[in-house]
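Structure record follows, encoded as structure tokens.
Just so we're clear, the structure is a prediction, and the values are computed from it rather than from any experiment.
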Amino acid sequence: MGMKEALLAEFQNESVSTRKVLERTPEKSFTWKPHEKSMSLGRLSQHLAEIPQWVEASLTKDELDFATMDYKQVDPASTAELLKFFDDNVNAAVEIIKNTPEEEFMKNWTMRNGDKVYMTIPKAAVVRGFVMSHLIHHRGQMTVYLRMLDVPLPGIYGPSADENTM
């Protein structure tokens with residue numbers, strides 16, 4: 001198994017778990033925040049759903065420059081729209097990973113904001129860290145939000161306290 005196949009399997013597995021969390025997002029609580037400095041539930045869920053888009057920026061380009069990027073935030077109006085946005089992004093990311101030549105994964109990629117360079121690392125590390133670890137981090141954050149709203153949590157790496165699957 002090469003780098004591509006390993007990253008693809010991990011990405012698909014994490015995407016399944018992330019979708020289970022997003023499915024539980026109550027649209028009536030999209031504006032809820034656990035703290036004034038926190039993102040709203042809707043913004044956090046939207047961010048979680050957009051992260052798979054970063055696969056394209058990570059594998060088809062050699063750098064991301066925040067000073068010149070054209071970012072457009074999508075604000076789904078419902079949980080159904082949120083899930084469609086996520087599913088579309090995951091499906092596109094899977095195709096990009098599948099179609100990226102193996103040697104591309106070891107080429108360097110740079111994240112910058114104009115002259116300030118944040119990192120230069122191999123594209124495989126970008127997909128693993130910047131995309132998947134970021135997805136996992138915000139998914140964990142999302143489960144805390146859902147718990148605070150008394151929404152039953154799905155199992156992620158096994159059953160949750162809210163599921164009797166044993």
Side-chain angles (χ1 to χ4, degrees), residues 1-25 39 41-146 153-160:
M1 178 183 290
M3 178 67 65
K4 177 186 351 194
E5 289 80 16
L7 287 172
L8 180 60
E10 183 178 5
F11 178 77
Q12 289 174 310
N13 185 62
E14 296 301 340
S15 295
V16 168
S17 295
T18 301
R19 192 180 200 289
K20 288 194 293 187
V21 171
L22 289 172
E23 288 171 351
R24 309 274 174 116
T25 306
M39 285 188 262
L41 176 69
R43 175 67 183 113
L44 178 59
S45 63
Q46 179 275 326
H47 183 56
L48 199 53
E50 80 182 343
I51 291 173
Q53 291 177 332
W54 302 355
V55 168
E56 179 181 11
S58 303
L59 292 177
T60 66
K61 303 193 180 354
D62 294 327
E63 91 172 8
L64 172 65
D65 188 345
F66 291 115
T68 61
M69 72 181 280
D70 184 25
Y71 174 74
K72 290 178 179 66
Q73 183 175 319
V74 173
D75 291 312
S78 67
T79 303
E81 284 182 26
L82 174 71
L83 292 170
K84 181 176 181 340
F85 180 56
F86 177 73
D87 291 343
D88 290 348
N89 291 337
V90 167
N91 292 336
V94 165
E95 289 306 308
I96 290 165
I97 294 169
K98 284 180 179 178
N99 293 316
T100 299
E102 188 75 27
E103 61 275 7
E104 191 70 23
F105 287 90
M106 295 317 294
K107 290 183 181 175
N108 277 340
W109 181 89
T110 299
M111 177 192 290
R112 67 173 61 247
N113 189 359
D115 293 334
K116 181 168 177 64
V117 174
Y118 296 114
M119 67 174 135
T120 299
I121 58 176
K123 291 180 178 188
V126 175
V127 172
R128 179 66 184 79
F130 180 59
V131 178
M132 282 192 273
S133 292
H134 201 103
L135 184 79
I136 293 164
H137 159 75
H138 284 300
R139 184 178 67 214
Q141 184 181 13
M142 183 80 168
T143 63
V144 172
Y145 277 40
L146 294 175
L153 300 178
I156 294 174
Y157 299 118
S160 75

Could you walk me through whether Arg128 and Ser133 pass side chain to side chain donor-acceptor pair (under 3.5 Å), step by step?
CA-CA 6 Å; Arg128 179 66 184 79; Ser133 292; 3.2 Å; yes
If you look at every heavy atom in [X] and [Y], which pair is closest and at what distance?
{"X": "Pro52", "Y": "Ala93", "answer": "O-CB, 3.5 Å"}
{"X": "Pro76", "Y": "Leu82", "answer": "CB-N, 3.5 Å"}
{"X": "Leu153", "Y": "Thr143", "answer": "CD2-O, 3.6 Å"}
{"X": "Leu83", "Y": "Leu22", "answer": "CD2-CB, 3.8 Å"}
{"X": "Gly114", "Y": "Ala67", "answer": "N-CB, 3.6 Å"}

Can you list the steps and then say if Glu14 with Arg139 is a salt bridge (Lys or Arg N to Asp or Glu O under 4.0 Å)?
CA-CA 10 Å; Glu14 296 301 340; Arg139 184 178 67 214; 2.8 Å; yes
Which distance, rounded to the nearest 0.5 Å, do you find between the [atom1] of [X] and the [atom2] of [Y]?
{"X": "Phe11", "Y": "Ile97", "atom1": "CZ", "atom2": "CD1", "result": "5.5 Å"}
{"X": "Phe86", "Y": "Glu23", "atom1": "CZ", "atom2": "CD", "result": "9.5 Å"}
{"X": "Tyr71", "Y": "Phe66", "atom1": "OH", "atom2": "CZ", "result": "11.0 Å"}
{"X": "His137", "Y": "Leu48", "atom1": "NE2", "atom2": "CG", "result": "10.0 Å"}
{"X": "Met69", "Y": "Glu63", "atom1": "CE", "atom2": "CD", "result": "12.0 Å"}
{"X": "Asn13", "Y": "Ser17", "atom1": "CG", "atom2": "OG", "result": "5.5 Å"}

Within a strict 4.5 Å, meaning less than it, do heavy atoms of the [X] and [Y] side chains meet?
{"X": "Lys98", "Y": "Leu8", "result": "yes"}
{"X": "Ser58", "Y": "Lys123", "result": "no"}
{"X": "Leu146", "Y": "Val21", "result": "yes"}
{"X": "Thr60", "Y": "Ile96", "result": "yes"}
{"X": "Trp109", "Y": "Thr120", "result": "no"}
{"X": "Asp70", "Y": "Lys72", "result": "yes"}
{"X": "Glu10", "Y": "Met132", "result": "yes"}
{"X": "Phe130", "Y": "Val126", "result": "yes"}

Verify, without hydrogens or angle tests, whether [X] (side chain) and [Y] (backbone) share a donor-acceptor contact under 3.5 angstrom.
{"X": "Glu95", "Y": "Ala92", "result": "no"}
{"X": "Tyr145", "Y": "Leu44", "result": "no"}
{"X": "Asn89", "Y": "Ile51", "result": "no"}
{"X": "Gln12", "Y": "Val94", "result": "no"}
{"X": "Lys20", "Y": "Ile156", "result": "no"}

Determine, using ring centers only, whether His138 and Trp54 are less than 6.0 Å apart.
no
Does Glu104 come within less than 4.0 Å of Lys107, counting only side-chain N to carboxylate O?
yes
Intermediate values then yes/no, salt bridge (Lys or Arg N to Asp or Glu O under 4.0 Å), Arg19 and Asp87
CA-CA 8 Å; Arg19 192 180 200 289; Asp87 291 343; 2.8 Å; yes
Start with the C-alpha gap between Arg24 and Thr79, add the side-chain angles, then the distance that decides, and say whether side chain to side chain contact (heavy atoms under 4.5 Å, CB included) holds.
CA-CA 8 Å; Arg24 309 274 174 116; Thr79 303; over 6 Å; no
Under the criterion side chain to side chain contact (heavy atoms under 4.5 Å, CB included), I'd like the reasoning laid out for His134 against His47: C-alpha separation, chi angles, the key distance, then a yes or no.
CA-CA 10 Å; His134 201 103; His47 183 56; 3.2 Å; yes
